[in-house]
Structure formats: structure tokens, C-alpha cells
Amino acid sequence: MRSSSGLYVSKLDHVRAIAAFLVYCWHFVHVHVPFDLVPAFLPLSLLEEGHIGVALFMTLSGYLFAKIIDGRPLDLRRFYKNRFLRLVPLLAVVLAYWAARGDMGLQALLKGFFLPVWHSGAWSVAVELHFYALFPAILWLQRGNRTGALVALFMASIVMRFGVWAATGNVQDLSYWTIGGCIDLFVAGMLWHELAKRDAIRRHAGKLLATALAAIVIGWHQFNLAGGFWGTTHSPLWIVIPTLQGLALGAAIVGYEFSNVKLPQRIDHGLAKIGEVSYSIYLLHFIFYPTIVKQLTHAGFDMASFPVALSFAILVFPLMVAIACVSYHLIEKPFLRLRQSYERRPEPTAASAPQPRPSLT
């Protein structure tokens with residue numbers, strides 16, 4: 001999807017597509033598959049613990065905003081207007097659907113702006129809204145030393161989570177469901193934007209990509225072996241998991257963008273299209289996948305088997321993409337056309353201001 005600044009890199013839409021697919025598989029597979037299953041093949045841990053896709057979305061958001069603004073002055077009014085036009089129309093439709101079903105009352109709808117109670121994936125949209133509220137302050141802190149300020153934010157965030165874990169013995173809820181942990185993902189994306197300006201990073205982007213992918217796959221597999229999301233509820237690992245995720249995912253994003261990896265044109269366009277409609281995939285798949293899995297179960301398929309469930313998840317994904325395309329064109333795109341660049345234009349100086357014409361009388 002092209003930003004309001006006109007910036008477009010198809011590879012970043014590829015990243016969105018991967019993030020949407022990971023989250024979709026995570027939910028589709030685990031309708032019946034036990035959460036304590038560890039796949040025999042190491043790379044499948046990314047699908048077994050596919051909630052990493054949420055972290056990828058957030059890291060990419062931080063990276064993109066830093067890339068688009070890159071030190072230029074920010075028009076806050078237009079920034080928040082654009083964010084409203086990007087997120088709220090589809091979010092409002094989805095929240096209205098869950099409210100009409102009786103799954104969310106007025107109290108939950110209001111609390112969802114501050115607490116992770118919005119149904120399904122909508123809670124993470126609220127976390128993104130919290131990041132937008134903090135974003136101008138983060139940009140202000142970056143004045144003079146952008147990289148140093150971001151590293152300081154990391155350290156403060158880790159110390160805060162350590163304090164919560166020491167006091168309560170549980171920091172997973174804070175780290176995963178709230179801006180208290182997710183802030184590291186956004187900041188990691190911003191930090192990697194700064195690092196990507198260095199020639200050494202761009203020259204060795206291919207190696208960076210390979211290293212980051214290896215770290216993500218192996219690290220996430222080890223996390224899965226340690227119990228995964230549901231088996232590490234009280235683990236102190238969650239003090240640093242957001243930070244480690246953000247740094248590894250940010251490295252993969254930068255490595256992929258600046259590497260020489262080029263996909264065939266059809267695959268490039270196809271992935272870019274999935275990335276373009278990824279927001280609709282993310283919010284709408286919660287409405288459809290339980291019914292699809294239920295029908296497959298009634299048809300006699302063993303949806304409690306990981307290989308069977310994953311196979312059907314892959315086979316059904318194109319249907320989800322088609323639904324998302326309709327949603328994108330009917331709900332999202334009309335509002336996206338209303339966005340404007342949120343770079344603040346400099347005020348005209350006396351020298352550049354138009355001069356009055358001399359009087360002829």
C-alpha cells in the first residue's frame with residue numbers, strides 16, 4: 001500500500017503479507033489443535049506460535065513511520081487525521097459486527113480504548129493507537145541523537161517490565177497485550193530505520209537478512225520448546241521477549257528491503273496485493289475461520305491434527321484474501337483517498353512571500 005507521502009516499496013508489502021498469514025494460521029490451526037503441540041520440523045514453530053505476526057506488524061509500523069518522516073517536521077493534525085482514515089472505518093465495522101452479535105457491550109467498547117478487551121485482533125489496533133499518541137513525544141526525544149534516544153527508551157522499557165515482574169511474578173500480560181511491551185516493537189522498527197542509513201548495513205543486507213531469519217526461526221523454536229505462549233505465562237523471559245522480537249524482526253525487514261533478493265514479477269505483485277489488503281485479512285479472518293473449520297470438521301476431516309489443519313489453512317487462505325480484497329475496495333480505499341501528506345510545510349519567509357505590485361496611480 002502506498003503511504004500518504006507517496007513512498008512505496010513492494011518488499012514492505014511482502015512483509016505485511018507474511019505477518020497476516022502467520023496470524024491467520026495461528027488462529028485457524030488452533031481452533032482444535034492443542035497449544036502445547038511442538039511441530040517436528042523446526043521452521044513450523046513460526047506457524048505453531050504465529051502470534052509473532054502481530055509483533056511483525058508493529059515493528060513494521062515503527063519502521064515505516066520513521067522512514068516516512070525521517071526527521072522532517074510533523075503536521076500533527078494531518079498525522080492523526082490520516083491514522084483515523086487508515087484504521088477507524090474498518091475497525092468501526094468490525095466492532096459493530098461483534099457488538100451486534102452480543103460479544104461486546106458498550107462498556108467493553110469504551111474500555112477497549114485503554115485496555116486489551118476489544119474482541120479478537122482489534123485489541124492490537126488499540127495498542128497501535130497508543131503508539132500514535134506517544135509518537136510525537138518519541139520524535140521530540142530523538143532531537144539531536146536519534147539512535148541514542150531510542151536505545152534509552154529500550155532500556156527504560158526493560159527496567160519497567162522487570163519491576164512489574166519482580167512485584168507481581170507475571171509480566172506476560174503487560175508485554176504482549178499492552179503498549180508496555182509492544183512499545184519495544186515500534187521503537188525497534190524506528191531504530192532499524194536509523195541503522196539502515198549506514199553504508200555497512202546496506203552493503204551486507206543479504207547477510208543481515210540470513211542472520212535475522214536464522215535467529216527468528218531458531219529462537220522461536222526454542223521458545224516453543226520452552227512452552228510457547230501459553231506455557232510461559234509466569235516466565236521472566238517476557239521481560240525481554242518484546243525487545244528481542246523487535247530487534248530480530250527489524251533486522252529482517254531492513255535486510256529484506258535492501259538485499260538483492262528479487263522475486264518473479266507475478267509473485268512480487270501477488271504478495272504485494274496480499275500486503276495491501278492485510279489489514280482486512282487481519283480483522284476479518286476472525287469472523288470467518290471458526291465457521292470454515294467447523295464445516296471441515298463436520299465433513300469428517302481431523303482438524304485436531306496439526307498437518308491437516310495447517311494444510312487446510314493454506315488451501316483456504318486465498319478465499320480469505322478474496323474477502324479482504326472486497327473489504328479493502330468497499331470500506332478502506334474510499335477513506336484512504338482522503339489522506340494528505342503529514343509533513344509540515346515551512347512558513348513562507350519575508351523573502352519568499354509574494355511582493356505587492358507597485359501602484360500605478
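Note that the structure is a prediction, hence the values are computed from the model and not measured.
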Hey, is the main chain of [Y] close enough, under 3.5 Å, to the side chain of [X] for a donor-acceptor pair?
X      : Y      : answer
Ser259 : Tyr256 : yes
His14  : Gly275 : no
Thr59  : Leu56  : no
Arg78  : Asp75  : no
Lys11  : Phe258 : no

Can you confirm whether or not the ring centre of [X] sits under 6.0 Å from the ring centre of [Y]?
X      : Y      : result
Phe79  : Phe135 : yes
Trp220 : His51  : yes
Phe229 : Trp238 : yes
Phe57  : Tyr279 : no

Supply the atom-to-atom distance [X] [atom1] to [Y] [atom2], rounded to the nearest 0.5 angstrom.
X      : Y      : atom1 : atom2 : result
Gln340 : Lys81  : CD    : NZ    : 4.5 Å
Leu46  : Ile18  : CG    : CD1   : 10.0 Å
Ser305 : His32  : OG    : NE2   : 12.0 Å
Leu271 : Phe21  : CG    : CZ    : 11.0 Å
Ser278 : Tyr328 : OG    : OH    : 10.0 Å
Ile138 : Gln142 : CD1   : CD    : 7.5 Å

Contact check, side chains of [X] and [Y], non-hydrogen atoms, under 4.5 Å:
X      : Y      : result
Leu174 : Met160 : yes
Val127 : Phe186 : yes
Trp123 : Leu115 : no
Trp230 : Pro34  : no
His329 : Pro334 : no
Lys294 : Thr291 : no
Leu76  : Pro136 : yes
His285 : Val23  : yes

Testing the basics here: between [X] and [Y], what is the closest heavy-atom pair and its distance to 0.1 Å?
X      : Y      : result
Ala122 : Leu91  : CB-CD1, 3.9 Å
Ile281 : Ala324 : CG1-CB, 3.4 Å
Asp103 : Arg101 : OD2-NE, 2.8 Å
Leu90  : Ser327 : CD1-OG, 3.6 Å
Val171 : Ser235 : CG1-O, 4.4 Å
Ile274 : Ala17  : CG2-CB, 3.5 Å

Relative to each other, are the rings of [X] and [Y] parallel, tilted or perpendicular (30° and 60° limits)?
X      : Y      : answer
Phe286 : Tyr282 : perpendicular
Tyr24  : Phe317 : tilted
Phe28  : Tyr289 : tilted

Candidates Leu195, Asn145, Val187 - the one meeting side chain to side chain contact (heavy atoms under 4.5 Å, CB included) with Leu150: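 Single side chain to side chain contact (heavy atoms under 4.5 Å, CB included) partner of Leu150 among Leu195, Asn145, Val187: Val187.
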Over 12 non-hydrogen atoms of neighbours within 6.0 angstrom of NZ in Lys197: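 Counting other residues, nucleotides and ligands, NZ of Lys197 exceeds 12 neighbours.
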Residue Phe84 excluded, over 12 heavy atoms near CZ under 6.0 Å: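 No, the 6.0 Å shell around CZ holds no more than 12 heavy atoms from other groups.
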Any residue meeting side-chain hydrogen bond (donor to acceptor under 3.5 Å, both in side chains) with Asp173, in chain and number order, not counting sequence neighbours: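 Once residues adjacent in sequence are excluded, Asp173 has no partner under the side-chain hydrogen bond (donor to acceptor under 3.5 Å, both in side chains) criterion.
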Going only through I, L, V, M, F, W and Y residues with side-chain contacts under 4.5 Å, is there a path from [X] to [Y]?
X      : Y      : value
Ile179 : Trp140 : yes
Leu319 : Leu284 : yes
Ile331 : Leu338 : no
Val88  : Val125 : no
Leu237 : Tyr176 : yes

Polar side chain donor-acceptor pair, Ser61 to Glu128, under 3.5 angstrom: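 Present: a donor and an acceptor within the cut-off.
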Ser280 versus Glu332, side-chain donor and acceptor atoms under 3.5 Å: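 Note: Glu332 and Ser280 side chains meet the donor-acceptor criterion.
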Any pair counted as ring pair (Phe, Tyr, Trp, His ring centres under 6.0 Å), so long as it reaches residues 87-118, sequence neighbours left out: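 Qualifying pairs, neighbours excluded: Trp98-His119, Phe113-Trp118.
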Met104 vs Leu95, side-chain contact (heavy atoms from CB on, under 4.5 Å): CA-CA, chis, key distance, verdict: CA-CA 8 Å; Met104 289 181 59; Leu95 291 179; 4.0 Å; yes
Partner residues of His30 under the ring pair (Phe, Tyr, Trp, His ring centres under 6.0 Å) criterion, sequence neighbours left out: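 Counting only residues at least two positions away or on another chain, His30 forms a ring pair (Phe, Tyr, Trp, His ring centres under 6.0 Å) with Trp26, Phe35.
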Partners passing ring pair (Phe, Tyr, Trp, His ring centres under 6.0 Å) against Phe288 (at least two apart in sequence or in another chain):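 Ring pair (Phe, Tyr, Trp, His ring centres under 6.0 Å) check on Phe288 returns nothing, list empty.
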Pairs where residues 129-153 contributes a residue and the test salt bridge (Lys or Arg N to Asp or Glu O under 4.0 Å) is met, not counting sequence neighbours: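 Every pair satisfying salt bridge (Lys or Arg N to Asp or Glu O under 4.0 Å) with a residue in residues 129-153: Asp70-Arg146, Arg146-Glu194.
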Residue pairs involving residues 178-193 (criterion salt bridge (Lys or Arg N to Asp or Glu O under 4.0 Å); sequence neighbours excluded):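 Salt bridge (Lys or Arg N to Asp or Glu O under 4.0 Å) check on residues 178-193 returns Arg161-Asp184.
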Tyr132 vs Phe65, side-chain contact (heavy atoms from CB on, under 4.5 Å): CA-CA, chis, key distance, verdict: CA-CA 10 Å; Tyr132 298 157; Phe65 285 127; 3.3 Å; yes
Verdict with supporting geometry, Leu47 and Val29, side-chain contact (heavy atoms from CB on, under 4.5 Å): CA-CA 9 Å; Leu47 300 178; Val29 167; over 6 Å; no
Ionic contact status for Arg202 with Asp199, cut-off 4.0 Å: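 Salt bridge absent between Asp199 and Arg202.
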Verdict with reasoning, Trp192 to Ile253, per side-chain contact (heavy atoms from CB on, under 4.5 Å): CA-CA 9 Å; Trp192 271 108; Ile253 290 168; over 6 Å; no
